[in-house]
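Predicted model, so just to flag it, every value in this text is computed and none were measured. Just so you know, ligand 1 is whichever comes first in the structure, and atom 1 is the first atom listed for that ligand.
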Amino acid sequence: MELTFDWDDWRAQLQHRITTLEALQRWIAVSPGEAQAIAACDGRYRWSVTPYYASLMDQDDPKCPVRQLAVPRLEEFQLYPGASVDPVGDTVYRKTNRVIHKYPDRVIVLVTELCAVYCRHCTRKYHTTDLGGTYFEQGENASWEPDFAYIEQHPEVRDVLLTGGDPLVYSDERLESILARLRAIPHVEIIRIGSRIPVVLPQRITENLAAMLERYHPLWLNTHFNHPKEITPAAAAACDRLLRHGIVVQNQSVLLKGINDDLPTMRRLMTELLKISVRPYYLYHCDNAIGISQFVTTLEEGRALMRGLKGYLTGFGVPEYVITTPLGKIPLCEEYLHQDEAGYWVENYRGQRMVLDKALLFAEEPMVAEPALKE
Ligand SMILES: *Cc1c(COP(=O)(O)O)cnc(C)c1O
Ligand code: SF4
């Protein structure tokens, strides 16, 4: 493939985004199903792929995970029972155009509807597509003042999470004006950014961006790797630039049927993340959102995968498996502590069991009396 632009320039990557069948055919042998789905996306689901992300695709195999994550497929157009435009009830908790306040101490702020690559499994597909809807109350271009005012007037909000769409599609200047305004609110203790940019457009994580973000510490960044194939030298370098500026990078994956729902892939995803110093944070059960139901696994499959991670990997290599509901995130993992009439018993990662002796937990009397203090 002959390049006509600077591969390492993120703006050039965005300008040369692939948005037509013809452009995609220059990268991969598009299957008939993919071609039909691309045509069906018109006026319905957005799609676009950065040249960088397209370069990770297998040219011949439509089952390639990177392809499935980014190239439209006909399954998106099947309507499944119960599929919803807002499965987690974000809009129910919307307080202003951008602020969603569900938990007592933290809010999410919707920055944009735009993304560099439109993930086929996006749970906010309604927000990030052309279905005619959005999670914004007034739209992306409305004034931010009411959003900042809401946070200012709610001193209990100590944690603000910028999400989208993908906030890092904004320019450094525009992002900085948002961050500076949030930092000026005394009770905002931490700022978080949720972004898939390190995965789909790592060139965006420039030295300048990382240095700018560092000025707004404490700042955390949660990214979204779903498959070990996405952990490339470029993605690793992007995370490294953030880490070197003191930005903790964590990962939130989605459990996706046919992409990462097998134990070898899931283990490799976690161990590869650790090698680039990115800590696995959440593994989301895939929501039954409109257009993404085809990726949903059963809870049993997710729990079985978690059993194959816990104990086999270090504790900080194991994400928490959760489902997002209108009541918040609910942990789904197996219980390792059990109780019956005899007391507590525990089970380890291999399924070996033992009684947890009461004395291990709590001694009712100290074993030796405390020696009298000498003068
Ligand atoms: C996920 C989420 C958060 C952040 O939750 P953490 O568990 O702190 O990462 C905040 N608000 C909403 C509405 C969320 O869905
Ligand atoms: S980057 Fe995030 S918001 Fe954008 S399409 Fe992907 S999952 Fe959805």
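- The protein atom (non-hydrogen) at minimum distance from atom 14 (C) of ligand 1 is K329 NZ, 3.2 Å.
- Classification of the Y312-Y349 ring pair by plane angle, with boundaries at 30° and 60°, yields perpendicular.
- When non-hydrogen atoms are compared, ligand 1 lies under 4.0 Å from neither the backbone nor the side chain of Y93.
- Residues Y216 and E176 have side chains that bring a donor and an acceptor to within less than 3.5 angstrom of each other.
- Applying side-chain hydrogen bond (donor to acceptor under 3.5 Å, both in side chains) to Y150 and the options E145, H101, R98 leaves one that passes, H101.
- Of all atoms in ligand 1, numbered sequentially from 1 with element shown, those under 4.0 Å from a heavy atom of Y281 are 6 (P), 7 (O), 8 (O), 9 (O).
- Partner of L221 under the side-chain contact (heavy atoms from CB on, under 4.5 Å) criterion, chosen from V249, I197, L162: V249.
- By the 6.0 Å contact criterion, CZ on R215 is enclosed, its count of non-hydrogen atoms from other residues, nucleotides or ligands being greater than 12.
- Of all atoms in ligand 1, numbered sequentially from 1 with element shown, those under 4.0 Å from a heavy atom of Y282 are 6 (P), 7 (O), 9 (O).
- Of the N or O atoms in Y103, none lie within a sub-3.5 Å distance of an N or O in ligand 1.
- Residue contact check: C115 has heavy atoms under 4.0 Å from atoms 1 (S), 3 (S), 4 (Fe), 5 (S) of ligand 2.
- Listed by atom number, the atoms of ligand 2 under 4.0 Å from R196 heavy atoms are 1 (S).
- Of all the atoms in ligand 1, the ones that sit under 4.0 Å from a non-hydrogen atom of R192 are 4 (C), 6 (P), 8 (O), 9 (O).
- Atoms of ligand 1 lying under 4.0 Å from at least one heavy atom of K102, given by number and element, are 13 (C).
- At a cut-off of 2.8 Å, C119 coordinates atom 6 (Fe) of ligand 2 through an N, O or S atom.
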